[in-house]
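This one's a predicted model, so the numbers in the text were calculated from it and none came from an experiment. One is the number of the first residue; the rest follow in order along the sequence.
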Amino acid sequence: MAEHLLSTAAHATLPGNYVRPESQRPRLAEVVTGARIPVVDLACRDRAAVVAAIGDACRSHGFFQVLNHGIDDGLIAAVMAVGRDFFRLPAEEKAKLYSDDPAKKIRLSTSFNVRKETVHNWRDYLRLHCHPLDQFLPDWPSNPPDFKETMSTYCKEVRELGFRLYAAISESLGLEASYMKETLGEQEQHMAVNFYPQCPEPELTYGLPAHTDPNALTILLMDQDVAGLQVLHAGKWVAVNPLPGALVINIGDQLQALSNGEYRSVWHRAVVNSDRARLSVASFLCPCNHVVLGPARKLVTQDTPAVYRDYTYDEYYKKFWSRNLDQEHCLELFRA
């Protein structure tokens with residue numbers, strides 16, 4: 001099955017099962033390229049200003065970039081380097097990890113959900129569960145030799161950053177700083193190392209089509225040299241241009257629910273290009289499967305009734321994976 005991987009060969013033409021119908025194509029010429037999503041400097045000593053800026057970004061865009069986030073530049077460079085080295089491995093080495101089973105916690109696969117799709121996406125990805133780290137680390141790739149050490153160090157740093165961001169997001173909603181972390185339970189964490197090869201006809205396909213993230217918070221390490229992430233804002237697709245040293249943060253569906261719809265888990269997509277391959281590393285913080293989720297009680301009043309009903313993350317995640325990626329916002333199925 002590993003022959004399905006795009007990263008095992010060069011492609012002179014786009015295979016027919018990657019070509020989107022005319023109405024579903026990315027229309028790259030219409031993308032807004034000069035805009036900038038909000039930027040928050042976490043080194044700012046004015047805590048109230050940081051909290052307010054994060055709240056404004058969650059409300060207006062659902063995305064923001066963070067500078068001075070505390071993760072060392074050298075580690076970030078090493079993560080990107082070892083990710084590229086992994087996708088350069090021989091096909092027979094990558095075949096050891098290949099699976100198209102979405103339930104498998106450590107797998108190398110392609111597109112999004114090849115068992116259900118009729119049109120595929122121009123992406124290979126390595127999915128790694130990261131918490132508890134000692135439980136999953138032995139099954140991570142042993143090649144490249146520095147893969148486990150580099151990626152596990154990054155996972156731990158990202159988790160701590162995520163918890164710091166939870167505190168600020170909670171405060172920005174007028175909740176206790178500990179609210180998000182405590183409510184979401186002993187959180188799972190997983191990572192997708194995404195590889196988008198050069199594409200012969202990028203205007204006909206996607207790396208990933210428009211979707212929202214089903215989890216709570218996503219921390220994205222972008223390729224500094226090749227843009228590809230686009231966010232839907234004010235009805236238009238906006239290109240996210242990576243700032244040097246920045247990480248991109250996006251609000252997932254669960255934070256939209258906990259905020260009673262005040263903060264937005266917005267549609268975003270990945271496009272590809274014909275000039276260069278692109279790598280990104282997405283880290284996902286996910287609620288404990290069996291914790292009960294729904295709008296924070298403090299945010300539910302007579303004037304602002306609950307937008308969503310209570311549910312477990314296990315229920316939500318199963319519903320998310322039973323659908324196509326670009327169907328209606330999954331939260332719509334959980335309205336009160």
Ion pair present between E315 and R309, side-chain N to carboxylate O less than 4.0 angstrom? yes

Backbone of G174 reached by a side-chain donor or acceptor of K298 within 3.5 Å: yes

Are a donor atom and an acceptor atom from the side chains of R159 and Q189 found within less than 3.5 Å of each other? yes

Does the side chain of S111 come under 3.5 Å of the side chain of Y125 through a donor N or O and an acceptor N or O? no

Given 3.5 Å as the limit, does a donor-acceptor pair link the side chain of D213 with the main chain of N215, or not? no

When you check the gap from the basic side-chain N to the acidic O, do R59 and E262 get nearer than 4.0 Å? yes

Would you say the side chain of V32 lies within less than 4.5 Å of the side chain of W237, judging by non-hydrogen atoms? no

Taking ILVMFWY side chains as joined if any heavy atoms are under 4.5 angstrom apart, and letting links pass through other members, which residues group with V240? I37, F63, L220, M222, L229, V231, V248, V266

Got a salt bridge between R84 and D223, using NZ or NE/NH1/NH2 to carboxylate O under 4.0 Å? yes

Can a donor-acceptor pair be found between the side chains of S109 and D100 at a distance below 3.5 Å? no

With a 4.5 Å heavy-atom cut-off, do Q187 and C288 have their side chains touching? no

Check: S170 side chain, S178 main-chain N or O, donor-acceptor pair, under 3.5 Å: no

Heavy-atom side-chain proximity of L208 to R269 below 4.5 angstrom: no

Decide, yes or no, whether a salt bridge links R47 with E171 under the criterion of side-chain N to carboxylate O below 4.0 Å. yes

From OH (Y206) to CD (Q230), nearest 0.5 Å: 8.5 Å

Measure the CD-NZ distance between E93 and K96 for me, rounded to the nearest 0.5 Å. 3.5 Å

Non-hydrogen side-chain atoms of C155 and M191 separated by less than 4.5 Å: yes

Are N273 and Y196 packed together at the side-chain level, in the sense that at least one heavy-atom pair is separated by less than 4.5 angstrom? no

Do P144 and R88 have side chains that get closer than 4.5 Å, going by heavy atoms? no

According to a 4.5 Å side-chain heavy-atom criterion applied to Ile, Leu, Val, Met, Phe, Trp and Tyr, with indirect links allowed, do V307 and L333 form part of one hydrophobic cluster? yes

Do the side chains of F163 and V66 join up, straight or via other hydrophobic residues, at under 4.5 Å, putting them in one cluster? yes

If only atom types and distance count, is the side chain of T304 paired as donor or acceptor with the main-chain N or O of V300 below 3.5 Å? no

Between the SG atom in C199 and the CG atom in L14, the distance rounded to the nearest 0.5 Å is 5.0 Å

Can you confirm whether the side chains of Q254 and Y317 place a donor and an acceptor under 3.5 Å from each other? no

What about Y316 and F334, are their ring centers closer than 6.0 Å? yes

Quiz question: by atom type and distance under 3.5 Å, do the side chains of N121 and Y18 form a donor-acceptor pair? no

Result for ring pair (Phe, Tyr, Trp, His ring centres under 6.0 Å) between F136 and one of H190, H131, H129 points to H129

Nearest heavy atoms of R278 and V271, plus distance in Å: NH2-O, 3.7 Å

H120 and T110, any side-chain heavy atoms less than 4.5 Å apart: no

Flag the pair D139 and R127 as a salt bridge only when some basic side-chain nitrogen lies within less than 4.0 angstrom of an acidic carboxylate oxygen. no

Taking NZ, NE, NH1 and NH2 as the nitrogens, is one of them in E332 or K319 under 4.0 Å from a carboxylate oxygen of the other? no

Within the structure provided, determine whether L126 and K94 are in side-chain contact (heavy-atom separation under 4.5 Å). no

